[in-house]
Amino acid sequence: MNLQLDAKTKKNTWILVGFVALKFLLQYVLISPEYDLQRDEYLHLDQAHHLAWGYQSVPPVTSWISSIISLLGNSVFWVKFFPALFGALTLVVVWKAIAALNGNRFALILGATCVLFSALLRLNTLYQPNSLDVLCWTTFYFILIKYFNTERSKWLYAAAIVFAFGFLNKYNIGFLILGLFPALLLSPQRKVFLRKELYLALLLAIILVLPNILWQYNNGFPVIHHLNELAETQLVNVDRLGFLKSQLSFFIGSLFVLISGLYGLLFYKPFQKYRLFFGTLFFTLIVFLYFRAKDYYAIGLYPIYLTFGSVYLSILLKEENKKYWRWAAIAVPMVFFIPMYQFTFPNKSPEYMVAHSSTYKKLGMLRWEDGKDHLIPQDYADMLGWKELALKVDALYTDLPNANETLVLCDNYGQAGAINYYTKVGIKATSFNADYVDWFDLDQKYTNLIRIKDYSEKEDEFKKTSPYFDTAVIADSITNPYAREFKTRIFVFTGAKIDVNKRIKKEIEEVKTDRNN
């Protein structure tokens with residue numbers, strides 16, 4: 001009997017290894033080499049050189065990962081490795097959750113297939129906190145399952161650690177607690193509130209996140225400014241009905257599994273102790289809707305429901321005469337992946353996307369955060385033009401007199417981060433935007449200025465800045481018509497007539513004052 005169990009476990013392990021290997025393979029082949037890194041990735045990589053307990057844009061965990069990437073050589077391979085790793089670990093956690101629910105091999109394979117061929121493939125192409133966020137949500141829910149199975153206090157402490165790590169990665173995990181709390185109060189599992197271990201676990205979580213909270217306090221809570229800016233420029237354009245429609249698309253090939261999971265939570269007796277997960281889903285979605293959250297913020301909700309659905313379907317289809325239905329269930333997510341492969345990944349050229357714009361528009365992929373439709377999806381437009389910008393700035397920089405006294409000042413964090421990532425001459429570009437406002441080096445003298453400016457403001461920049469320098473010229477621009485930064489201008493000013501450092505210091509103070517108000 002033990003030998004049979006060992007053989008079964010070994011075979012299951014090899015199947016899991018196969019899924020993980022396929023996950024990594026897909027993450028690398030789904031990105032065409034004609035695309036650069038995405039705008040946010042450059043900022044996150046630069047954080048490795050400015051380690052702190054917090055940033056205006058994100059909590060500190062991303063900077064820790066960026067430090068590891070830097071030590072490994074900072075190549076694109078390693079930049080893409082970590083989101084792929086977090087996606088693979090999410091798959092592993094779902095596998096373990098199915099095992100914890102006593103799911104058989106069919107349930108394990110179905111759950112893994114649903115996770116693999118889903119919107120997570122797209123999410124895991126980008127080095128952003130989102131991939132780790134989904135992993136933390138899924139792991140937290142998995143730990144709840146383990147706790148409800150055993151009621152052992154160690155799982156409460158494990159949940160506290162996962163929550164704290166998730167919080168230090170992305171504050172989005174706070175929505176998990178907001179959705180879980182009312183569901184827990186309304187369920188028999190509310191007896192957990194009578195356990196002192198719960199409050200000790202809460203204390204542990206507070207201690208772990210305290211350095212970030214103190215950093216926020218000492219810096220005037222820049223996260224509030226960031227959230228206000230996000231609400232004014234992006235979340236205001238979020239359509240709540242569109243948010244709900246997007247939820248259906250993230251795991252569209254596995255929708256029947258998600259629905260089966262919800263049904264099982266209500267009516268399958270062995271799932272009775274987990275019934276609060278039914279309420280958790282809806283309470284969390286209500287919170288997201290109230291705050292007009294972006295649709296992908298909620299992706300972390302769903303993997304755990306695939307575990308319930310996979311186990312419940314394995315019970316319904318356990319008879320031998322239903323084996324073809326089992327194969328069909330596994331095939332459905334893969335069939336839905338075919339059109340996903342064709343249209344929802346950066347594996348096609350911009351020209352292809354324009355030629356098939358009607359399809360992309362129907363999928364809602366041409367709608368950007370400004371609420372308008374554009375030529376190609378925003379994420380892909382944010383992956384073009386950066387290397388071109390950096391190479392042109394490098395060429396202009398090396399031709400300047402006293403090049404080492406040149407300040408490269410950009411309009412936004414994407415421009416600054418891209419120049420710093422691709423530069424061959426050691427440029428340290430900066431900006432008044434996002435975290436870069438804290439990273440100016442004012443210990444050296446600046447006599448030249450290379451100014452990267454959005455096309456719409458090119459005339460104002462020339463008129464405003466040229467009087468302070470001996471020479472001024474619009475030297476170049478981004479020429480890729482599909483780039484979000486298309487027509488962005490590169491100005492070169494030489495021979496400063498003023499104290500550039502003093503002027504920059506004043507502008508930094510103004511930006512920070514505005515940020516704290």
Side-chain angles (χ1 to χ4, degrees), residues 90 93-94 97-98 100-103 111 114-115 133-151 155-156 158-160 162-163 166-167 171-195 198-199 201-202 205 240-241 243-248 250-251 254-293 295-313 315:
T90 300
V93 172
V94 166
I98 292 171
L101 294 172
N102 298 315
C114 292
V115 173
D133 184 52
V134 172
L135 173 60
C136 290
W137 279 63
T138 307
T139 305
F140 188 94
Y141 287 139
F142 165 64
I143 289 171
L144 284 186
I145 290 174
K146 298 293 286 186
Y147 173 73
F148 295 151
N149 277 342
T150 65
E151 296 194 354
W155 295 114
L156 295 175
V162 169
F163 172 80
F167 184 88
Y171 300 129
N172 187 55
I173 202 170
F175 288 108
L176 182 155
I177 301 300
L178 292 176
L180 174 65
F181 183 72
L184 196 55
L185 280 178
L186 295 172
S187 76
Q189 301 295 350
R190 60 180 173 272
K191 63 185 179 181
V192 71
F193 290 111
L194 300 177
R195 297 195 61 177
L198 172 66
Y199 301 99
L202 288 173
R240 290 189 171 103
L241 182 59
F243 174 93
L244 292 175
K245 289 179 179 178
S246 295
Q247 304 310 303
L248 298 175
F250 292 140
F251 293 87
S254 311
L255 200 55
F256 71 101
V257 181
L258 290 172
I259 294 172
S260 298
L262 292 174
Y263 183 88
L265 284 168
L266 285 180
F267 301 109
Y268 182 49
K269 192 171 182 179
F271 284 175
Q272 186 173 358
K273 69 176 77 171
Y274 315 115
R275 195 159 290 168
L276 70 88
F277 278 99
F278 185 90
T280 295
L281 175 68
F282 294 100
F283 283 124
T284 307
L285 287 176
I286 288 170
V287 174
F288 277 127
L289 284 169
Y290 176 80
F291 286 102
R292 288 184 176 272
D295 53 12
Y296 66 84
Y297 287 6
I299 291 181
L301 255 175
Y302 302 109
I304 202 65
Y305 294 91
L306 294 174
T307 68
F308 293 111
S310 297
V311 174
Y312 184 63
L313 284 173
I315 300 300

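Quick caveat, the model's predicted, so the values are computed rather than measured.
Counting only heavy atoms from C-beta outward, the side chains of Phe308 and Ile145 approach each other to under 4.5 Å. Annotation: side chain of Val311 is not in contact with side chain of Asn102 (no heavy-atom distance under 4.5 Å). For the pair Leu285 and Phe243, the minimum side-chain heavy-atom distance is below 4.5 Å. Counting heavy atoms from C-beta outward, Trp137 and Ile299 have side chains that stay 4.5 Å or more apart. Using a 4.5 Å heavy-atom cutoff, the side chains of Leu301 and Phe250 are not in contact. Looking at heavy atoms from C-beta onward, Tyr305 lies in side-chain contact with Thr280 at the 4.5 angstrom threshold.
Summarising the geometry, atom CG belonging to Leu101 is positioned 9.5 Å from atom NZ belonging to Lys146; distances are rounded to the nearest 0.5 Å. Note that CZ of Phe163 is 12.5 Å distant from CD1 of Ile143, once rounded to the nearest 0.5 Å. Distance CZ/Phe142 to CG/Leu144: 11.0 Å, rounded to 0.5 Å. From Phe282, atom CZ reaches atom CZ of Phe277 across 14.5 Å, with rounding to the nearest 0.5 Å. To the nearest 0.5 angstrom, Ile177 atom CD1 is 9.5 Å from Thr284 atom OG1.
Closest of all the heavy-atom pairs between Ala205 and Ala160 is CB-O, 3.9 Å. Contact detail for Gly300 and Thr138: the closest heavy-atom pair is O-OG1, 4.2 Å. Considering all non-hydrogen atoms of both residues, Ser246 and Asp295 come closest at OG-OD2, 2.9 Å. Between Ile98 and Ser310, the shortest heavy-atom distance links the atoms CD1-CB, 4.1 Å. The minimum heavy-atom distance between Leu198 and Val192, with the atom names listed, is CD2-O, 3.6 Å. When all heavy atoms are compared, the tightest approach of Arg275 to Tyr268 is NH2-O, 4.4 Å.
Taking the six-membered ring where tryptophan is involved, the planes of Phe288 and Phe175 are tilted, since the angle between them lies from 30° to 60°. Using bins of under 30°, 30° to 60° and over 60° for the plane-to-plane angle, the ring pair Tyr274/Phe271 lands in the perpendicular bin.
With hydrogens and angles disregarded, no donor-acceptor distance shorter than 3.5 Å links the side chain of Tyr141 to the backbone of Ala97. Side-chain atoms of Arg195 do not come within 3.5 Å of backbone N or O of Leu156 as any donor-acceptor pair. At distances below 3.5 Å, at least one donor-acceptor pair connects side-chain atoms of Tyr199 with backbone N or O atoms of Phe193.
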Residues 180-189, side-chain donor-acceptor partners within the protein, below 3.5 Å, at least two apart:
unit_1 : atom_1 : unit_2 : atom_2 : d
Ser187 : OG     : Leu184 : O      : 3.1
Ser187 : OG     : Gln189 : N      : 3.2
Gln189 : NE2    : Lys273 : O      : 2.9

Could you list the donor-acceptor pairs under 3.5 angstrom formed by side chains in residues 254-264, with sequence neighbours left out?
unit_1 : atom_1 : unit_2 : atom_2 : d
Ser260 : OG     : Phe256 : O      : 2.7

